[in-house]
Amino acid sequence: MKYLVCIKQVPKITKVKLDPITHNLIREGTATTINPADLNALTFALKLREKTGGEITVMTMGPDSAAESIRKCYAMGADKGYVVSSRAFAGADTLATSYTLAQGAKSIGNFDIVFTGNQTIDGDTGQVGPELAENLSINQVTYVEDIEFENGSFKVKRQNSEGEEIVEVKAPILFSVVRNANIVKIPTKSEIEAESESFVNIIGVEDLDIDENRIGIKGSPTVVDSIFDGEKFEVGARIEGDSKKQADGIVDILLEKGFIGR
Ligand SMILES: Cc1cc2nc3c(=O)[nH]c(=O)nc-3n(C[C@H](O)[C@H](O)[C@H](O)COP(=O)(O)OP(=O)(O)OC[C@H]3O[C@@H](n4cnc5c(N)ncnc54)[C@H](O)[C@@H]3O)c2cc1C
């Protein structure tokens, strides 16, 4: 089977700032990481590859420097990686992002299974996976919590509004995976270092069969009208010391607030 895992490089969330004029995220100079749910998606691909055989390709749309994240995926076990990168893609909303990713995927080959995270920790719209499936004209299962491969089909546990359900699907299919769906084996420093020179393919706008009106700012109908700081809540007390002192501290607070009695 041929697997494609879409990963997004996101700012480490505590460091995000918004530009008050353009209403865009200020990404320059912020430390980045791979969106957590995307690592859960890659983990499922690695597990399924053990059973079905095949190849895992990872792809991201972002700056050339996103190659660093692709190499982290190599350290986890991915086979090939692509960065879809061009100034022409800058300012993309989810519609333009998913179209660009779809054209990127089509330029690489045909995939049986496409993985995305269910949502990111920065944009957080949860739209890219479903839109990508639509652009690739394949079926999709969202909110995926677990996947097993049996007798040529995939048995998938997914969240729904009532709890959970099991669906059985066949390839080609897109799965969007919820954060913490499985345990991610984070590569060690030496595993990451071993991939530091590994080759990452860079795809530019000129490499794609693309409608220039559907990419970047031109292809993005979303307008951020206004931004505001979220309400700030007073943080709870920090209790220092060993576990006994911490436990006693919690009991004192609960007693003081009348949640428990002596
Ligand atoms: C207020 C606001 C301001 C923004 N400002 C900027 C900005 O200044 N500059 C800018 O570049 N973007 C900006 N964006 C973000 C841009 O719209 C999103 O990065 C992009 O469209 C993806 O949307 P999302 O993060 O909601 O993805 P979701 O739909 O939540 O992502 C679901 C999954 O899709 C996949 N995916 C998403 N994006 C990518 C990607 N790029 N490559 C590979 N896989 C991907 C991942 O697997 C991810 O887990 C902004 C978004 C908002 C809401």
Side-chain angles (χ1 to χ4, degrees), residues 3-11 13 16-30 32-45 56-67 69-70 73 78 81-105 108 111 113-136 140-144 174-181 184 200 202-203 214-230:
Y3 298 92
L4 176 68
V5 184
C6 296
I7 61 153
K8 184 182 179 194
Q9 234 189 2
V10 293
I13 203 66
V16 165
K17 286 192 189 132
L18 289 166
D19 184 319
I21 314 275
T22 63
H23 301 165
N24 282 340
L25 301 179
I26 301 170
R27 289 166 192 263
E28 293 75 32
T30 54
T32 58
T33 184
I34 299 174
N35 182 53
D38 305 355
L39 295 178
N40 295 112
L42 176 56
T43 300
F44 276 136
I56 300 174
T57 301
V58 280
M59 177 174 72
T60 187
M61 182 183 96
D64 290 7
S65 58
S69 295
I70 299 284
C73 297
Y82 290 78
V83 180
V84 182
S85 170
S86 165
R87 286 206 164 273
F89 302 137
D93 67 4
T94 61
L95 198 65
T97 300
S98 56
Y99 170 69
T100 308
L101 290 174
Q103 298 314 102
I108 302 168
F111 293 97
I113 309 294
V114 178
F115 276 104
T116 67
N118 208 63
Q119 60 209 102
T120 59
I121 57 170
D122 62 343
D124 198 15
T125 64
Q127 294 171 358
V128 172
E131 289 174 356
L132 177 57
E134 193 63 24
N135 277 306
L136 292 172
Q140 57 183 287
V141 184
T142 52
Y143 289 94
V144 169
L174 180 142
F175 295 126
S176 70
V177 174
V178 294
R179 187 175 177 180
N180 297 329
V184 175
V200 175
I202 308 284
I203 303 181
R214 294 183 65 187
I215 59 171
I217 291 179
K218 230 185 189 180
S220 299
T222 313
V223 176
V224 181
D225 193 42
S226 65
I227 52 166
F228 55 89
D229 264 341

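Keep in mind the model is a prediction, meaning the values are calculated, not measured. Start at 1 and go down the list; that is how both ligands and their atoms are numbered.
Annotation for ligand 1: atoms under 4.0 Å from non-hydrogen atoms of Asp122 are 25 (O). Of all the atoms in ligand 1, the ones that sit under 4.0 Å from a non-hydrogen atom of Asn35 are 49 (O). The Cys6 neighbourhood of ligand 1 comprises atoms 44 (N), 46 (C), 47 (O), with distances under 4.0 Å to a heavy atom of that residue. Counting the atoms of ligand 1 from 1 in the order shown, those under 4.0 Å from a heavy atom of Gln127 are 29 (O).
Residue Leu101 has no N or O atom closer than 3.5 Å to an N or O atom of ligand 1. Residue-to-ligand polar distances place Met61 within reach of ligand 1: an N/O pair is separated by less than 3.5 Å. Backbone and side-chain nitrogen or oxygen atoms of Met59 are examined, and none is located within less than 3.5 angstrom of a nitrogen or oxygen of ligand 1. By the 3.5 Å distance cut-off applied to N or O atoms, Thr125 is counted among the residues near ligand 1.
Around OH of Tyr99, the count of heavy atoms belonging to other residues, nucleotides or ligands within 6.0 Å exceeds 12.
A heavy-atom separation below 4.0 Å is found between Ala92 and ligand 1. Ligand 1 lies less than 4.0 angstrom from a heavy atom belonging to Gly126.
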Given side-chain contact (heavy atoms from CB on, under 4.5 Å), test Phe89 with Met61 step by step and report yes or no. CA-CA 8 Å; Phe89 302 137; Met61 182 183 96; 4.1 Å; yes
For the pair Thr125 and Gln119, evaluate side-chain contact (heavy atoms from CB on, under 4.5 Å) and give the outcome as yes or no after the intermediate values. CA-CA 6 Å; Thr125 64; Gln119 60 209 102; over 6 Å; no
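The closest donor-acceptor contact from the side chain of Ser176 to the backbone of Gly129 lies at 3.5 Å or more, if one exists at all. Judged purely by atom type and a 3.5 angstrom limit, Asn40 has no side-chain atom pairing as donor or acceptor with the backbone of Val177. Distance alone, capped at 3.5 Å, is enough to place a donor-acceptor pair between the Ser86 side chain and the Ala88 backbone.
Ring orientation note: the planes of Phe115 and Phe44 are close to parallel, at an angle under 30° on the 30°/60° scale.
The nearest non-hydrogen atom to atom 44 (N) of ligand 1, considering only Asn118, Ile7, Ile217, Thr60, comes from Ile7. Residue nearest to atom 46 (C) of ligand 1, selected from Val177, Asp38, Thr94: Asp38 (by heavy-atom distance). Summarising the contacts of atom 36 (N) of ligand 1 with Val128, Leu132, Thr120, Thr142, the nearest heavy atom is found in Val128.
Residues passing the side chain to side chain contact (heavy atoms under 4.5 Å, CB included) test with Thr222, sequence neighbours excluded: Asp93. Taking the side chain to side chain contact (heavy atoms under 4.5 Å, CB included) definition, one finds that Ile202 meets it with Asp64, Val83, Ser85, sequence neighbours left out.
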